[in-house]
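Before any comments, here is the structure.
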There are 2 protein chains.
Amino acid sequence: MEANKDKEVVAFLGPKASYTHQATLSHFPESRYNIVPQTTIEDVYAAVQSGNASHGVVPFENSSNGPVVFTLDLFADVHGRYPDILVCGETYLQVHHCLLGHAVKKQDQPLQANPPWRKLKDEGDSPNPSGQVTPTQTAPAPGKPRVQPLHDIKHIKKLYSHPQAWGQCKLFLSTHLKGTERQDVSSTSRAAELVAQDTAGTSAAISSRIAADLNELDVLAQGIEDSEGNTTRFFIIRRQQDVALPEAEESDNEMTNYKTLVSFTVEHGEPGALARCLAVFEKFDINLTSINPRPSGETLWHYIFLVEFMGKKRAEEAGGAVNDALQGLGKVAKSWRWLGSWKNALKA
Amino acid sequence: MEANKDKEVVAFLGPKASYTHQATLSHFPESRYNIVPQTTIEDVYAAVQSGNASHGVVPFENSSNGPVVFTLDLFADVHGRYPDILVCGETYLQVHHCLLGHAVKKQDQPLQANPPWRKLKDEGDSPNPSGQVTPTQTAPAPGKPRVQPLHDIKHIKKLYSHPQAWGQCKLFLSTHLKGTERQDVSSTSRAAELVAQDTAGTSAAISSRIAADLNELDVLAQGIEDSEGNTTRFFIIRRQQDVALPEAEESDNEMTNYKTLVSFTVEHGEPGALARCLAVFEKFDINLTSINPRPSGETLWHYIFLVEFMGKKRAEEAGGAVNDALQGLGKVAKSWRWLGSWKNALKA
């Protein structure tokens, strides 16, 4: 561990083999950084705020499920605990969920001509041979899951995963594991650990392929997410004092190659207060990419808005569309805070 | 049950004794309505859409935790399953959480001069006598929980509740039940049912006082929510064909006494697209009360916005600010849908 003393510390939402871990490795090679897992998203913020870590990596939103509320609340920072935290980068990770568990060994099954995974193609033998979700009153025209199990999964009595994962694998679960008991756990990696400890072999986890290897579990099905493009966006955070703002315009097109995050509050009960804040971005031809309200913590039903847009804040005196818009925001918002500008990593 | 045939059916998110049940009863007395619990929020929508129920009651947002994402997604209705659903009313419920479980009986404890609930006031005897959260790196200046337990809770090894409840009782939990295993379940009422079945008596539920009576559980602590004003807002939904729009202006002030919900999408990647949609409300002096984006389901990172504002839609030909604004919205949004107008139930 001596060599790690020279390396910058990167805090990420653990445990090992989590999707955040994968996203972190894609950005921070272990040869150059000391990658340290944290228990909660807030622990990542605290590690960066205190200077114990130079960078942090946290999930921000998923393309199917929307924003990660815990992360939004830490940026909203209504208690002022993370005054120096800025976003300094983003990274996108295609999330391929697997069903991990203990495959039923051949000797445990009655003799048969076909291997277990062939059975699933035989009508009448599989609990749901068509791979089609049973139409119900709530879902009269359901879709079809993208994949079939690789192994027999009839022995699975209990499922573990992170709450976000259920919402990303609805079709597979409602087709092949309808009514199976589900237990929420803190991460998909933790789900795999719990299944690895299950000696009866009747539980399964929705988790990653990496977690299968790490926990010596069988991949019972892979790519079970509903949406082929299922992607999670992660933010890389730093302390304000470690981020340099460009003095003047850079050669690259900063209005399409960068994004900026701000938070602001408006005078509650004033018609047009939010619209006036958003209009300052339109005035400078700035495209908003996301807006998320969170309870402000001040008064009931008051909100703090997290708004993300294309463009880059420069040093105060350097001007530019974003600086002008933020100056305008300061005049119409009740309060506001810049939360970072970073290079756009989304391929159009 | 014969008498029920004459009563209108109201579907609500169950089970019995849920907070939604309490909200439902405050609006729909059982003497006049047939109140029927549903398993999921989507089941409530399906019951109303199909006409099996005349009204539905669903949670929409909590003052501490923000919106209920499942409800937002059902209003966003990206698969067009609930084309006739409108909000026709709202009701607010102050949510007082209790810790329910099995109090340790006196004979189970060593003889002592003080009853168990006095013990907690004795320094050195209670696990955390000050009632103060241990300061940690993540929360250097934590708050103090509002209440102390009514009984000894040292025997509690496992907690059950709905995910929303953890976030509403952070201070109590981190002070008195730090590190205790938590299991998410589908409702706070279900949590109480599970604890009632626990013969060992070492589990507890965060649930309502009503659930304590229903399941014959002891109230180990009451009012354990962090925020004194902790409130959940519920929407009452109906079918469009059952809702009459006023032909002309009513005598009450419709711009302050009513609210309206709409959803819309914008042309992605066009600077100012969202600001232009919101500007139409400002133009007609309409105050926005909430805005929530959800993944549109069309393309990655495209959103559908749910916007709520003060005022009331009238019949097409009756004019008025809201009708004018919605006409304006139709010109700037890619698509939009009216989701109901109803009487504002929030006391200012």
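A, B, ... follow the sequence lines: proteins, then strands. Residue 1 opens every chain.
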Inset, instruction - Step through the shown structure and confirm whether more than 12 heavy atoms of other residues, nucleotides or ligands are within 6.0 Å of CD on A:Gln197. - result: yes

Is there side-chain contact between [X] and [Y], with at least one heavy-atom pair below 4.5 Å?
X: A:Thr232; Y: A:Gln164; value: no
X: A:Leu300; Y: B:Leu346; value: no
X: B:Leu326; Y: B:Phe264; value: no
X: B:Gln94; Y: B:Thr231; value: yes
X: A:His96; Y: A:Asn230; value: no

Inset, instruction - Identify which of B:Phe284, B:Phe281, B:Tyr303 forms the greatest number of heavy-atom pairs closer than 4.5 Å to chain A. - result: B:Tyr303

Inset, instruction - Report the option among B:Gly229, B:Ala279, B:Cys277 that has the most heavy-atom pairs separated by less than 4.5 Å from atoms of chain A. - result: B:Gly229

Legend entry - A:Asp43 side chain to A:Thr40 backbone, donor-acceptor under 3.5 Å: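 Side chain of A:Asp43 to backbone of A:Thr40: a pair is present.
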
Legend entry - Side-chain (A:Gln38) to main-chain (A:Ala11) donor-acceptor, under 3.5 angstrom: no

Legend entry - Among B:Phe235, B:Tyr258, B:Phe60, the one residue meeting ring pair (Phe, Tyr, Trp, His ring centres under 6.0 Å) with B:Trp342: B:Phe235

Atom group of [X] that falls short of 4.5 Å from chain B, counting heavy atoms:
X: A:Phe309; answer: neither
X: A:Thr289; answer: backbone
X: A:Arg233; answer: both

Inset, instruction - Identify which of A:Val185, A:Asp184, A:Val280 forms the greatest number of heavy-atom pairs closer than 4.5 Å to chain B. - result: A:Asp184

Legend entry - Residues that B:Glu181 engages under salt bridge (Lys or Arg N to Asp or Glu O under 4.0 Å), provided they are two or more places apart: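 In terms of salt bridge (Lys or Arg N to Asp or Glu O under 4.0 Å), with neighbours along the sequence ignored, B:Glu181 is linked to B:Lys158.
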
Can you tell which part of [X] gets under 4.5 Å to a heavy atom of chain A, answering side chain, backbone, both or neither?
X: B:Ser296; value: neither
X: B:Ser64; value: backbone
X: B:Glu61; value: both

Inset, instruction - Determine which residues belonging to residues 65-77 of chain A lie within contact range of chain B, meaning some heavy atom pair is under 4.5 Å apart, and list them by number or answer 'none'. - result: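 Within residues 65-77 of chain A, the residues under 4.5 Å from chain B are A:Asn65, A:Gly66, A:Pro67.
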
